[in-house]
*Asks:* 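Can you read through this structure? Questions will come right after.
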Amino acid sequence: MLAQWLESEQGRYVLDWELAQFDNAVDDIFGYHALQIGLPEYDFLRENRIPHKTIVGVDAGVAVRAEAWDLPVATNSVDLVVLPHELEFSEQAHRILREADRVLMPEGSIVISGFNPISLWGAKHALGYARDEYPWKGRLIGLSRLRDWLSLLSFEQNGG
């Protein structure tokens, strides 16, 4: 499980860096409802000021138990969705993005994290390093591919 790897020395380094990136990405997003999908052990919305924050997933510790591609949430009702590593460890990445698009309000925001396949992490993955273990067992999604998927859903894109 990814959460267990994130507790390792190497994983903690990655987690601390990612939490700082999420803090920066979500601190100025306003609204009434925010969803974190996956990794309930960590608060990726901790610096966001939206009053109603909910963690959704299938693991213990979530507020709402549901698959990421079948959210029990009204259409156009959420201001912010965060997906920490959710896409790369799911066989349903396209469905998850479509579902996030469905629940987001027209001016809503989505923040996604994942390991970059064009990096040292990606090189280890490509070389088959411990493919049956986290974080190497994920399907790493390149930024250009992710941008293509998001543009098909008409997301306005910031960052990289």
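Remember, it's a predicted structure, so these values are computed and weren't measured experimentally.
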*Asks:* Of all the heavy-atom pairs spanning Pro84 and Ser113, show the shortest one and how long it is.
*Replies:*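 Closest heavy-atom pair between Pro84 and Ser113: CA-OG, 3.2 Å.
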*Asks:* What distance separates Met105 CE from His33 NE2, expressed to the nearest 0.5 Å?
*Replies:*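 Answer rounded to 0.5 Å: 8.5 Å.
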*Asks:* Suppose we screen for salt bridge (Lys or Arg N to Asp or Glu O under 4.0 Å). Which residues come up paired with Arg49, at least two apart in sequence or across chains?
*Replies:*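 Per chain and number, Arg49 pairs via salt bridge (Lys or Arg N to Asp or Glu O under 4.0 Å) with Asp28.
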*Asks:* Which residues pass the salt bridge (Lys or Arg N to Asp or Glu O under 4.0 Å) test with Asp148, not counting sequence neighbours?
*Replies:*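 Applying salt bridge (Lys or Arg N to Asp or Glu O under 4.0 Å) to Asp148 gives none.
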*Asks:* What is the distance from atom CZ of Arg102 to atom CZ of Arg98, rounded to the nearest 0.5 Å?
*Replies:*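 CZ of Arg98 is found 12.5 Å from CZ of Arg102.
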*Asks:* Minimum heavy-atom separation for His85 and Glu18, please, with both atom names.
*Replies:*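 Looking at all heavy atoms of both residues, the closest pair is NE2-OE2, 2.7 Å.
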*Asks:* Are Asp59 and Arg65 packed together at the side-chain level, in the sense that at least one heavy-atom pair is separated by less than 4.5 angstrom?
*Replies:*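 When only atoms from C-beta onward are counted, Arg65 and Asp59 do not touch, as no gap falls below 4.5 Å.
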*Asks:* Once you round to the nearest 0.5 Å, how far does NE2 of His52 lie from CG of Leu80?
*Replies:*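 The NE2 atom of His52 sits 14.5 Å away from the CG atom of Leu80.
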*Asks:* If the condition is salt bridge (Lys or Arg N to Asp or Glu O under 4.0 Å), which residues does Asp23 pass it with, not counting sequence neighbours?
*Replies:*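 So Asp23 forms a salt bridge (Lys or Arg N to Asp or Glu O under 4.0 Å) with Arg46.
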*Asks:* By the rule that ILVMFWY residues connect when side-chain heavy atoms come within less than 4.5 angstrom, directly or transitively, which residues belong alongside Val58?
*Replies:*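 Under the 4.5 Å side-chain rule, Val58 groups with nothing.
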*Asks:* Judged by atom type as modelled, is there a donor-acceptor pair below 3.5 Å linking the side chain of Ser151 to the main-chain atoms of Ser154?
*Replies:*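 Between the backbone of Ser154 and the side chain of Ser151 there is no qualifying donor-acceptor contact (under 3.5 Å).
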*Asks:* State whether the side chain of Lys53 and the backbone N or O of Asn48 hold a donor-acceptor pair below 3.5 Å, judged by distance alone.
*Replies:*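 Yes, Lys53 side chain to Asn48 backbone: donor-acceptor pair under 3.5 Å.
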*Asks:* Gln21 and Trp17: side-chain contact (heavy atoms from CB on, under 4.5 Å), yes or no, with the steps?
*Replies:* CA-CA 6 Å; Gln21 300 308 305; Trp17 184 86; 3.6 Å; yes
*Asks:* For a 4.5 angstrom cut-off between non-hydrogen side-chain atoms, does Glu47 reach Asn24?
*Replies:*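 No, every pair of side-chain atoms sits at 4.5 Å or beyond.
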*Asks:* How close do Phe44 and Val26 get, heavy atom to heavy atom, and via which atoms?
*Replies:*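 The answer is O-CG2, 4.1 Å.
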*Asks:* Heavy atoms only: give me the nearest Gly61-Pro40 pair and the separation to one decimal.
*Replies:*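 The answer is O-CB, 3.7 Å.
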*Asks:* Roughly how far, to the nearest 0.5 Å, is CZ of Arg139 from OG of Ser90?
*Replies:*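 Separation between the atoms: 8.0 Å.
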*Asks:* Would you compute the distance between atom CD of Gln92 and atom CD of Glu99 and round it to the nearest 0.5 angstrom?
*Replies:*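 Answer for the CD-CD pair, Gln92 versus Glu99, is 11.5 Å.
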*Asks:* Is any side-chain heavy atom of Met1 closer than 4.5 Å to a side-chain heavy atom of Trp5?
*Replies:*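 Of all side-chain heavy-atom pairs linking Trp5 with Met1, none is under 4.5 Å.
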*Asks:* Donor-acceptor pair, Tyr42 side chain versus Ala3 backbone, under 3.5 Å?
*Replies:*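 Checked: pair present.
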*Asks:* Can you tell if the side chain of Glu41 reaches within under 4.5 Å of the side chain of Glu7, non-hydrogen atoms only?
*Replies:*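 No, side chains not in contact.
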*Asks:* Parallel, tilted or perpendicular: which fits the ring planes of Phe115 and Phe89, with parallel below 30° and perpendicular above 60°?
*Replies:*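 Judged by the thresholds at 30° and 60°, the geometry between Phe115 and Phe89 is perpendicular.
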*Asks:* Which value, rounded to the nearest 0.5 Å, describes the distance between Ile55 atom CD1 and Leu39 atom CG?
*Replies:*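 These two atoms lie 9.5 Å from each other.
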*Asks:* Looking at Arg12, I'd like to know if its CZ atom is crowded, meaning that more than 12 non-hydrogen atoms belonging to other residues, nucleotides or ligands lie closer than 6.0 Å.
*Replies:*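 Yes, CZ of Arg12 has more than 12 neighbouring heavy atoms, counting only those of other groups under 6.0 Å.
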*Asks:* How is the hydrophobic cluster of Ile112 composed, in terms of its other members, when Ile, Leu, Val, Met, Phe, Trp and Tyr link through side-chain heavy atoms under 4.5 Å apart, directly or indirectly?
*Replies:*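 Under the 4.5 Å side-chain rule, Ile112 groups with Leu35, Ile37, Val56, Val64, Trp69, Leu71, Val73, Val78, Val81, Leu83, Leu87, Ile96, Leu97, Val103, Leu104, Ile110, Ile141, Leu146, Trp149, Leu150, Leu153, Phe155.
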*Asks:* Which pair of non-hydrogen atoms, one from Pro51 and one from Gly31, has the smallest distance, and what is that distance?
*Replies:*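 Between these two residues, the closest heavy atoms are CD-O, 3.4 Å.
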*Asks:* Which ILVMFWY residues are connected to Tyr32, directly or by a chain of links, through side-chain heavy atoms under 4.5 Å apart?
*Replies:*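 ILVMFWY cluster around Tyr32 holds nothing else.
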